[in-house]
Amino acid sequence: MSFEVPAEVETKVDQRITHYPVSKRSAVLPVIHELQHHFGFISEEAVEWIAVKLELEPIKVLEVVTFYPGIRQSAPGKFHIRVCRTLSCAMAGSAELMDALCETANIDRSGTDHHHPIAVSPDGKFSIEFAECLASCGTGPVCLVNDDFHEAVPNAAELLAKYD
Amino acid sequence: MSDVKYISGKEPHPKERRMIFKNVDREGWDQSIETYEKDGGYEVLKKAMKMAPGDITTEVKTGGLRGRGGAGFPTGVKWGFLPPNNTKPVYLICNADESEPGTFKDRYIIHQDPHQLIEGMIISCFAVGAKLAYIYIREEFPEGAQILEAAIEEARAKNYLGDNVLGSDFDLEIYVHRGAGAYICGEETGLIESLEGKRPYPRIKPPYFPAAMGLYLCPTIVNNVETLCHVGHILRIGGEEWAKIGTPNNTGTRILCVSGDVQKPGYYEVEVGSLTMGELINDVCGGLKEGRELKAVIPGGSSAKVLRAGETFKVGRGDDAKEIDIWNIKMDFDTLAACGSMAGSGGVIVIDDSRSISWVLNNINAFYAHESCGQCTPCREGSLWMKKITDRLVGGTASPTDIDTLYDVAKNIDGRTICAFGEASAWPTESFIEKFKDELVADTNPELAGEKVNNEAQLAAAGLL
């Protein structure tokens, strides 16, 4: 399957690039976000495409892709969950929330590590990872499902039922 | 302001003084520019545009505003570091990368009152002569980024942004730039590198301030969201009036974010120094949880050194010198510094006697091990070593000598890195050991005394091999 960026995504990319009149390289993250939003992750082909677009060596894109925890290099589920792991949420029960979410969505996290943090459910519907402090420490435990923010999450099943 | 009503159940505490958070949880409030203007929004900008830019900086200096991002550096002084007779473009960046664990104030400004930030930014840009500004917002605020972009469009349509702002010869564009989940981007030179499209490795100092050399090697001002909002309020009431709020050298209001083991965690905007720790925890936050006692408080985000319940602190100088306990610490920059910690970002994490200190420290160490950018060896290696040792503590396989090793590692990071992340990662470990050594040692396994701990077995047990 050849890698193709739809015209409407490319239009958004071109629009983003205009925000950086001094240096096109500054648009690396915004362009990555546009592609990740569309494809779900940044593939090798996407790295190449961005490099051509921004007139950079591909390594200049790859070094960014491999650095940031918010950039995925493999496909997540249809709904990607990020549970806050950090102190205040942990005190409010985020580890228990993670376990309950994994059980409800039938996700096995045993194969994950620092470099492969994402686990996907067998049906591809949900994927999950821990995130560091989501900055809502007063309402833990919190998580993001795609772009939706959920605070004081009471129940894993209730949360997942919102996504179909 | 008496006509301001709040959503039922979300009313501010009587001890609060709402300036920045005036519109947070306000009844009938929305993010639109119409609502903001009806409440007097953008009037301060109109006033500011008639002032000489240098006079705005003077007002900010008179107000004594100190940065709300963590370091507490005087904002006006920072602006004053812009080189004289500069011929290069000047940039302003709003640091909206809010990610210090325990801190959750910028979230509410961005999501509920975006125009307050935009107005503060425009005034600040005019003051420092910036024609291009960026809001560097953390990627985990996707909705916040959209709200800010919509607000910028509204402001542009009203000519508060764009060419010839309000008929003047001042042009300004503000763009939203999303990060990608890295804590280090809150460090201002790391943020600048990130904005240049590189890995966010903090820059070597000097120059100490991006005002001398920042984005694209041009003079750049980086300010926190809350700080930029305060600029608008200083101009509204005047620096001299604003300086009367709070206490000398700790002026204005500030938002304290309380989380952890209290009845009512949340955000509370108070005059700086108007509350003691006891008042904050017991009055404002409704006290500790039923039947629990205070064990420790991290007073300014997770990097701040921990304060132990029961320890005494020497504050004040000369005739004012006295010894106080944790409950009587005034929550301002200078008092918390005198107590050996810091006001930092305003994130107060309360820990009660149900918590294991090893567990808390391990959670914090895991954060810093994950977030070290990896540029400096002591921090890259040390932060992970600290996590591994506290992993052993939590897992019950630490040797009694591990605590000294842990301390040694922390001390060898502290002061040996390019940026302050080194201290941020080392201070929790240093302070937890200095104050809770007995409890940490009690969590070690005496049978392992003198034995070399087998890291491989440890890693396997933890599922990491």
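Reminder, nothing fancy here: chain letters follow the sequence lines and each chain counts from 1. Side chains included, hydrogens not; waters and symmetry mates left out as well; all remaining heavy atoms used.
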- Sole residue of A:Arg109, A:Arg82, A:His80, A:Arg72 in side-chain hydrogen bond (donor to acceptor under 3.5 Å, both in side chains) with A:Glu129: A:His80
- Query: Considering only heavy atoms, which portion of B:Tyr183 lies under 4.5 Å from any heavy atom of chain A: side chain, backbone, both, or neither?
  - Reply: neither
- Near A:Asp123 CG, under 6.0 Å, is it more than 12 heavy atoms from other residues, nucleotides or ligands? yes
- Greatest number of non-hydrogen atom pairs under 4.5 angstrom with chain B, of A:Ala135, A:Ser136, A:Gly140, falls to A:Ala135
- Task: For the pair A:Tyr20 and B:His177, name the ring-plane relationship: parallel under 30°, tilted 30 to 60°, perpendicular over 60°.
- Result: perpendicular
- B:Glu149 portion near chain A, given a 4.5 angstrom heavy-atom threshold: side chain
- Output the option from A:Pro21, A:Cys133, A:Ala92, A:Cys89 having the highest count of non-hydrogen pairs under 4.5 Å with chain B. A:Cys133
- Return the orientation label for the B:Tyr175 and A:His19 ring planes: parallel under 30°, perpendicular over 60°, tilted otherwise. parallel
- Item | Separation between CD of A:Glu151 and CZ of B:Phe104, rounded to the nearest 0.5 Å | 10.5 Å
- Item | Contact origin within A:Leu29 toward chain B - heavy atom pairs under 4.5 Å | side chain
- Task: Below 4.5 Å from any heavy atom of chain A, which atoms of B:Leu215 appear? Answer side chain, backbone, both or neither.
- Result: neither
- Query: Is chain A contacted by the side chain of B:Val258, its backbone, both, or neither, given a heavy-atom distance below 4.5 Å?
  - Reply: backbone
- Item | B:Tyr216, part contacting chain A, at a heavy-atom distance under 4.5 Å | side chain
- Message: Is it the case that atom CD in A:Glu103 sees more than 12 heavy atoms from other parts of the structure closer than 6.0 Å?
- Response: no
- Around A:His38, counting heavy atoms of other residues, nucleotides and ligands shown, do more than 12 lie under 6.0 Å from its NE2? yes
- Note, B:Glu196 side chain near A:Arg25 side chain (heavy atom, < 4.5 Å): no
- Task: Examine whether an atom of A:Arg16 lies under 4.5 Å from a heavy atom of chain B, and if so say whether it belongs to the side chain, the backbone or both; otherwise answer neither.
- Result: side chain
- Item | Structural part of B:Cys185 lying under 4.5 Å from a heavy atom of chain A | side chain
- Message: Check this for me, if you would: do B:Asp353 and B:Arg292 make a salt bridge, where the nitrogen-to-carboxylate-oxygen distance has to be below 4.0 angstrom?
- Response: yes
- With a 4.5 angstrom heavy-atom cut-off, could you sort out which part of B:Val176 is near chain A: side chain, backbone, both or neither? backbone
- Task: Please look at B:Tyr134 and chain A and tell me whether the side chain, the backbone, both or neither of the residue comes under 4.5 angstrom of a heavy atom of that chain.
- Result: side chain
- Honestly, the part of B:Lys198 sitting under 4.5 Å from a heavy atom of chain A is both
- Item | Which atoms of B:Arg107 approach chain A - backbone, side chain, both or neither, heavy atom under 4.5 Å | side chain
- Note on the structure: Under 4.5 Å to a heavy atom of chain B? For A:Phe67 that would be both
- Item | Side chain, backbone, both or neither of B:Glu173 within contact of chain A (heavy atoms, under 4.5 Å) | neither
- Tell me, for A:Leu87 versus chain B, whether the close heavy atoms (under 4.5 Å) come from the side chain, the backbone, both or neither. both
- Query: Taking everything shown except A:Glu63 itself, do over 12 heavy atoms lie less than 6.0 Å from its CD?
  - Reply: yes
- After noting the C-alpha distance and the side-chain angles of A:Phe149 and B:Phe141, does the key distance pass the ring-ring contact (aromatic ring centres under 6.0 Å, His included) rule? CA-CA 9 Å; A:Phe149 179 66; B:Phe141 287 176; 8.0 Å; no
- Message: Below 4.5 Å, heavy-atom pairs only: which of A:Val64, A:Leu134, A:Ile71 has the largest tally toward chain B?
- Response: A:Leu134
- Message: Whether the A:Tyr163 and A:Asn146 side chains hold a donor-acceptor pair (N or O, under 3.5 Å, no angle test) is what I'd like checked.
- Response: no
- Query: Does atom NZ of A:Lys53 have more than 12 heavy-atom neighbours from other groups under 6.0 Å away?
  - Reply: yes
- Item | Option in B:Gln146, B:Glu100, B:Lys105, B:Glu140 with maximal non-hydrogen atom pairs under 4.5 Å from chain A | B:Glu140
- Message: Is B:Leu195 in contact with chain A via its backbone, its side chain, both, or neither, using a 4.5 Å heavy-atom distance?
- Response: both
- Could you tell me which of A:Ile32, A:Leu144, A:Asp148 has the largest number of non-hydrogen atom pairs under 4.5 Å with chain B? A:Leu144
- Message: For chain B, which candidate among A:Asp147, A:Val61, A:Val28 shows the most heavy-atom pairs at distances under 4.5 Å?
- Response: A:Asp147
- Given that the side chain runs from C-beta out, which part of B:Tyr91 has a heavy atom under 4.5 Å from chain A: side chain, backbone, both or neither? side chain
- Closest-packed option against chain A by number of heavy-atom pairs under 4.5 Å, given B:Ile364, B:Thr103, B:Asn363: B:Asn363
- Message: Between B:Asp261 and B:Arg355, is the salt bridge (charged side-chain N to carboxylate O under 4.0 Å, His left out) condition met? List the steps.
- Response: CA-CA 9 Å; B:Asp261 299 320; B:Arg355 306 289 177 184; 2.7 Å; yes
- Item | B:Glu153 CD: over 12 foreign heavy atoms closer than 6.0 Å | yes
- Query: Most heavy-atom pairs under 4.5 angstrom with chain B, which of A:Ser26, A:Gly70, A:Gly138?
  - Reply: A:Ser26
- Message: Report which part of B:Ser302 has an atom under 4.5 Å of a heavy atom belonging to chain A: side chain, backbone, both, or neither.
- Response: neither
